[in-house]
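One structure coming up, written as structure tokens, with questions to follow.
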Amino acid sequence: MDAEQIRDEDVLKWILGQRFRAAQKKKALEIRKNMISAEHDGIDEPAGIKAMVEEMNVRMKKQQVRVDQAILRVMDIIEYLPEDSLEKEICEYRHVDMMSWRQIEIAVPMSRSQCNNRYNEAIRMLLQNARVKEIAHEEREKYEEYIQQKSEAKKWQKKMAEKNPGK
């Protein structure tokens, strides 16, 4: 397998994971909003707090739109897999239903390694489709930015751990 194909597989997996990432961001917003609301529960809230909570509601609605768009995009990509294939079922469990690998191995039922093998085969099958390959190439730059940000975050985390070894 050449580096280009491995890269396409990584990009496609990242694209398929967008629903999960969007849902995580929405959940984080909800938690923040609930914490702010709880801190001011039962007291006469100043207008600034009400405005902030309302702004968070607007942001959560926008994030829900992103989640919905991600679901549709993921489902569109998965549709290129054979209709009643185990590969498609595993991809749907993972990227639409957001099931853990443990939940998937129980639902299928297969071992974790068998599920992973089928999942990786699904990725290879998807990349045989010209449209899916085109989508992966279109998203390559965003994926590279994402990887760069993760790399920088890890470097920062390591630097902080070296500065404060007891924490």
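Positions are given from 1, in the same order as the sequence printed here.
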Please tell me if the side chains of Lys133 and Leu126 come closer than 4.5 Å, counting only heavy atoms from C-beta onward. no
Q) Between Arg19 (side chain) and Val96 (backbone), is there a donor-acceptor pair under 3.5 Å? A)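 Indeed, once roles are kept as given, a pair shorter than 3.5 Å links the two residues.
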SG of Cys91 to CG of Asp97, rounded to nearest 0.5 Å, is 11.5 Å
Legend entry - Distance-only donor-acceptor check, side chains Gln64 and Asp68, under 3.5 Å: yes
In short, Asp8 meets Ala136 closest at the heavy-atom pair O-CB, 4.4 Å
TODO: Measure the OH-CD1 distance between Tyr80 and Ile135 for me, rounded to the nearest 0.5 Å.
DONE: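 Rounded to the nearest 0.5 Å, the OH-CD1 separation comes to 6.0 Å.
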CD on Gln63 to CD on Glu30, rounded to 0.5 Å =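 Those atoms lie 10.0 Å apart.
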task = Look at Glu79 together with Lys88 and state whether they make a salt bridge at an N to O cut-off of under 4.0 Å.
result = yes
Could you report the tightest heavy-atom contact between Arg124 and Asn117, atom names first, then the distance?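 Taking Arg124 first and Asn117 second, the nearest heavy atoms are NH2-O, 4.3 Å.
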Hydrophobic cluster identity match, Val65 and Val74, side-chain contacts under 4.5 Å: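 Looking at the clustering, Val74 is in a separate group from Val65.
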Output for pair (Ile31 CD1, Met56 CE), nearest 0.5 Å, gives 10.5 Å
- Query: Does one side chain, of Ser111 or Gln114, offer a donor that lies under 3.5 Å from an acceptor on the other?
  - Reply: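 Their side chains do contain a donor-acceptor pair, which is all the 3.5 Å distance test asks for.
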- Message: A side-chain contact here means heavy atoms from C-beta on lying under 4.5 Å apart; do Lys62 and Val58 qualify?
- Response: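 Of all side-chain heavy-atom pairs linking Val58 with Lys62, at least one is under 4.5 Å.
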* Would you indicate whether the side-chain heavy atoms of Met125 and Pro82 approach each other to under 4.5 Å? =>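 Answer yes - side chains close enough.
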Output for pair (Leu81 CG, Glu87 CD), nearest 0.5 Å, gives 7.5 Å
* Among the clusters formed by ILVMFWY side chains lying less than 4.5 Å apart, do Met60 and Val67 turn up in the same one? ->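 No; tracing contacts between hydrophobic side chains, which count when under 4.5 Å, never links both residues.
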Quiz item: Does the ring centre of Tyr143 sit less than 6.0 Å away from the ring centre of His137?
Solution: no
Does the side chain of Glu134 reach to within under 4.5 Å of the side chain of Arg131, using non-hydrogen atoms?
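In contact.
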- Presence of salt bridge, Arg59 and Glu55, under 4.0 angstrom: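 Counted as a salt bridge, because a side-chain N and a carboxylate O are separated by less than 4.0 Å.
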Exercise. Would you say Tyr146 and Arg21 make side-chain contact, with heavy atoms under 4.5 Å?
Worked result: yes
| Do Leu16 and Ile78 have side-chain heavy atoms sitting under 4.5 Å apart? | yes
Should the ring pair Tyr119 and His95 be called parallel, tilted or perpendicular, given that the plane angle runs from 0 to 90° and is split at 30 and 60? tilted
So, Lys159 and Asn164: side-chain donor and acceptor under 3.5 Å apart, yes or no?
no
Interatomic distance, CG@Leu12 vs CD1@Ile77, rounded to 0.5 Å, equals 6.0 Å
Are Met75 and Ile90 connected in a single hydrophobic cluster, I mean Ile/Leu/Val/Met/Phe/Trp/Tyr linked by side-chain heavy atoms less than 4.5 Å apart? yes
Checking Glu145 against Lys142 for the salt bridge (charged side-chain N to carboxylate O under 4.0 Å, His left out) test, could you report, in this order, the C-alpha distance in whole Å, the side-chain angles of both residues, the deciding distance, and whether it holds?
CA-CA 5 Å; Glu145 289 172 12; Lys142 289 180 188 172; over 6 Å; no
Exercise. Check the surroundings of atom NZ in Lys13: do more than 12 heavy atoms from other residues, nucleotides or ligands lie under 6.0 Å from it?
Key: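 Yes - once you tally the heavy atoms of other residues, nucleotides and ligands closer than 6.0 Å, there are more than 12.
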Worksheet entry | Electrostatic pair Arg73-Glu139, nearest N-O below 4.0 angstrom |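 Yes, this pair counts.
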Should Arg94 and Met99 count as side-chain neighbours, where that means a heavy-atom distance under 4.5 Å?
-> no
Does CE in Met98 sit with more than 12 non-hydrogen atoms of other residues, nucleotides or ligands closer than 6.0 Å?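 Yes, enclosed.
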Do the side chains of Arg140 and Glu144 get close enough for a salt bridge, i.e. N-O under 4.0 angstrom? no
- Item | Side chains of Trp14 and Ile147 in contact at under 4.5 Å (non-hydrogen atoms) | no
| task | State whether Glu105 and Arg112 are salt-bridged, where the test is any N-O pair (Lys NZ or Arg NE/NH1/NH2 against Asp/Glu carboxylate O) under 4.0 Å. | result |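 Looking at Glu105 and Arg112, the cut-off is not met.
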Review point. Would you call Lys155-Glu152 a salt bridge at under 4.0 Å N-O?
Key: no
